[in-house]
Amino acid sequence: MSDAPTTPTAAPTAIETAAQLRQQLQQWEHAYYVLDAPLVPDAEFDRVFRQLQALEAAHPELRTPDSPTQRVGGQALEGFTPVRHRIPMLSIRTETDISAEGARAFDARVRKELGLGPEDPPIEYQAELKFDGLAINLRYENGLLVQAATRGDGETGEDVTHNVRTIGQIPMRLATDAPPAVVEVRGEVYMRRDDFEALNNRQRQKMAEGDKGAKTFVNPRNAAAGAIRQLDPAIARQRPLSFYAYGWGEITGWADQPATQAATLDAFAAWGLPVSAERRTVQGAEALIAFHQDIGARRDALPFDIDGVVYKVNRLLLQRDLGFVSREPRWAVAHKYPAQEELTTVQEIDVQVGRTGKLTPVAKLAPVFVGGVTVTNATLHNELEAQRKDVRVGDTVIVRRAGDVIPEVVASLPEKRTGDAPVFTMPATCPVCDSAVVREEGEADHRCTGGLFCPAQRKQAVLHFASRRAMDVEGLGEKIVDQLIARNRIRTLADLYRLSVDDWAALERMGQRSAHNLVAALAQSKTTTLARFLFALGIRHVGERTAKDVAAHFGNLAALMGQTPEQAASEEQLLTIHDVGPVVARSIHTFFQQPHNREVIAELQALGVHWSESEGKAAASANAEAGSAAALPLAGKTIVLTGTLTAMGRDAARDQLEALGAKVSGSVSKKTTCVIAGAEAGSKLAKAEELGVPVLDEAALLHLLQAPDALPALLPALPDGQ
Ligand code: IVH
């Protein structure tokens, strides 16, 4: 026997490999879907997934029901099989009082039922979110998902196992070596808001491509409910669903089931089931109120819809003692928030004209209280959108307002239509000035062609010109501009600067004093920056950011508009600016080709509107190449503004510094040239001191703006090497 015996490391059998691949994929799925923390790139997942698929294809006997490959595929069903719940799926009582009283009333009832007096300690509760989706029962036998059923009427639901298998968040096998013989996990299937938006965008795309069967969904809840009740799992799979466990039905053979609601959910989470982290174990009613308020304040920041919170007595023994009344547990209650969707009717559809002539249909609604405010108007965006939602005068519609988002008509309910109002169409002429209405090729918007002849456009142009981020004329509000337009006092923007104190004082609700103030504010607005001025002109597609980029690029107006239209910057030149694309370049170019625009600019300058000019980046880099010094005095300097500046606002200071070439940053680092600290500066000042970044006060800032070349002299001497 010369050969040493070889250690028995036989190659893994196909069974072992399959088990190993399954386990690997299950772990990755959990990390990806439940923990939101992928462990490997999608491509790696796909590779291992295909490996398992191939192995199972070669050895069909290796295919287990919990294999990740079994999530996909499956035949479409003829219909749903009824499932009788072994333990009924109950509903919970809703505390109708949306104020804090709801929580106190619940706590008082629980204490009374349990025979507790005022001296007894507070009850321990678990506070949870009330997810706005649909309830589902997941039956696991020996750790394996064997059936998923909807709630139905609470007694009998429908078997939707084929669709639930497509939900990546739901484990097909519980991640435990010792699963209970039976555990029915109950929870909510829902759709995240971003998934809902993406789904609707895909549906719109299909509709645009002529797919007659495609439709958009009204809200995430409906989309989730529709997906779960799909007979064809291939379609269900395209509807991204999520799941949170919040309770249970039948449980047998769980030797050490925890004694509380909270700990039971913790155990579910440990088995790989999604359980929301937004839950809290608290003592007494006041803590429930705090939870209700905390979640209420963050409701719109959650990635999914909730319609309230749920309070549950935490100890399961107490839950048992409390029992049920008329099919609702006495130990749980839902505490709602104001609804974010309500029904109302459309009284009229108005067409409004914006600054650039865009026509917007606006639904005038019967006042409805939704999302905490009374809503009477909702934009329908454009003709296409109004027609897609098929909103007509007299219709009953669903109105949604969530958070600070502008209220919108989500859908019309044509089945409730009683009248015979026609489909909405845009008028052929402007409702304000009667000019022709056009719709450009490939655009959804209709436009009034009246330009500044149209009083509506003139009004919006003036309001924009005077707005805070443009010329910043304080006190020039809508009511005043309405009067100027109605009295035909303003033909062009330049006319604003031509009105005397008496002219202003002649307007309604304008005293001498306010008239004086307005004239002073207008005079003050004449000192501005090129970026603000360009933004104020209201050139289509030129927002604040673009105006800044264009101003920094050209440095001065002459370089941008030339002495004659022929000398104005070409589209090609404009396209060299970072973030300026063909649409913006064309719009700017066209603007400066119009003699009346050039005239108004000349008039504004003649009336005293001015700013400090420079050579601009374009010329500066050309010069730099030619070996001359950089043009802008603060080029290459990074400045941080902090605290309250009294002589000028922080916005204005930033604008002026940027116009001089400085980069104005929001955070302090070693690279910061200096920090300018106004009154009550806080953490940024501390950071500067910590890093040894020079700090200047407001007086130094004013000096710097007058004489930017003096910066080195203003900075304290820095140690060598800095
Ligand atoms: S507990 C016996 N907890 O609200 C108690 N329900 O009527 C059973 N819901 O449609 C319900 N979030 O799907 C409970 N954290 C939560 C919930 C929740 C949403 C739904 C549930 C049902 C309704 C209760």
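Just so it is clear, the model here is predicted, and its values are computed rather than measured. As the structure lists them, so they are numbered: ligands from 1, and atoms in each ligand from 1.
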> Select one of side chain, backbone, both or neither to describe which atoms of Arg151 lie under 4.0 Å from any atom of ligand 1, heavy atoms only.
neither
> What is the closest protein heavy atom to atom 2 (C) of ligand 1, and at what distance does it sit?
Pro329 CG, 3.5 Å
> Given Gln261, Lys130, Glu188, which one has a non-hydrogen atom that is nearest to atom 13 (O) of ligand 1?
Glu188
> Relative to the heavy atoms of Leu129, which atoms of ligand 1 are at a distance of less than 4.0 Å?
12 (N), 15 (N), 16 (C), 17 (C)
> Please determine whether a side-chain nitrogen of the Lys or Arg among Asp395 and Lys389 lies less than 4.0 Å from a carboxylate oxygen of the Asp or Glu.
no
> Is any side-chain N of the basic residue among Glu341 and Arg221 closer than 4.0 Å to the acidic one's carboxylate O?
no
> Can Asp159 and Arg139 be counted as an ion pair, charged N to O under 4.0 angstrom?
no
> Under 3.5 Å, is there a donor on one side chain and an acceptor on the other for Tyr311 and Asp107?
no
> Look at atom 21 (C) of ligand 1 and find which of Tyr246, Phe131, Tyr244 reaches it with the closest heavy atom.
Tyr246
> Assign the ring pair Phe131 / Tyr246 to parallel, tilted or perpendicular, where the plane angle (0 to 90°) is split at 30° and 60°.
parallel
> Return the closest protein heavy atom for atom 3 (N) of ligand 1 as residue, atom name and distance.
Lys312 NZ, 2.9 Å
> With a 4.0 Å heavy-atom cut-off (strictly under), which part of Ala135 contacts ligand 1: side chain, backbone, both or neither?
both
> Among all protein heavy atoms, pick out the one at the shortest distance from atom 8 (C) of ligand 1; state its residue, atom name and that distance to 0.1 Å.
Leu90 O, 3.9 Å
> Going by the order shown, which atoms of ligand 1 are within less than 4.0 Å of some heavy atom of Ser91?
7 (O)
> Under 6.0 Å between ring centres, would you say that holds for Trp248 and Trp271?
no
> What protein heavy atom sits nearest atom 7 (O) of ligand 1, and how far away is it?
Ile92 N, 2.9 Å
> Is the shortest distance from a Lys or Arg side-chain nitrogen in Arg388 or Glu385 to a carboxylate oxygen in the other one below 4.0 Å?
yes
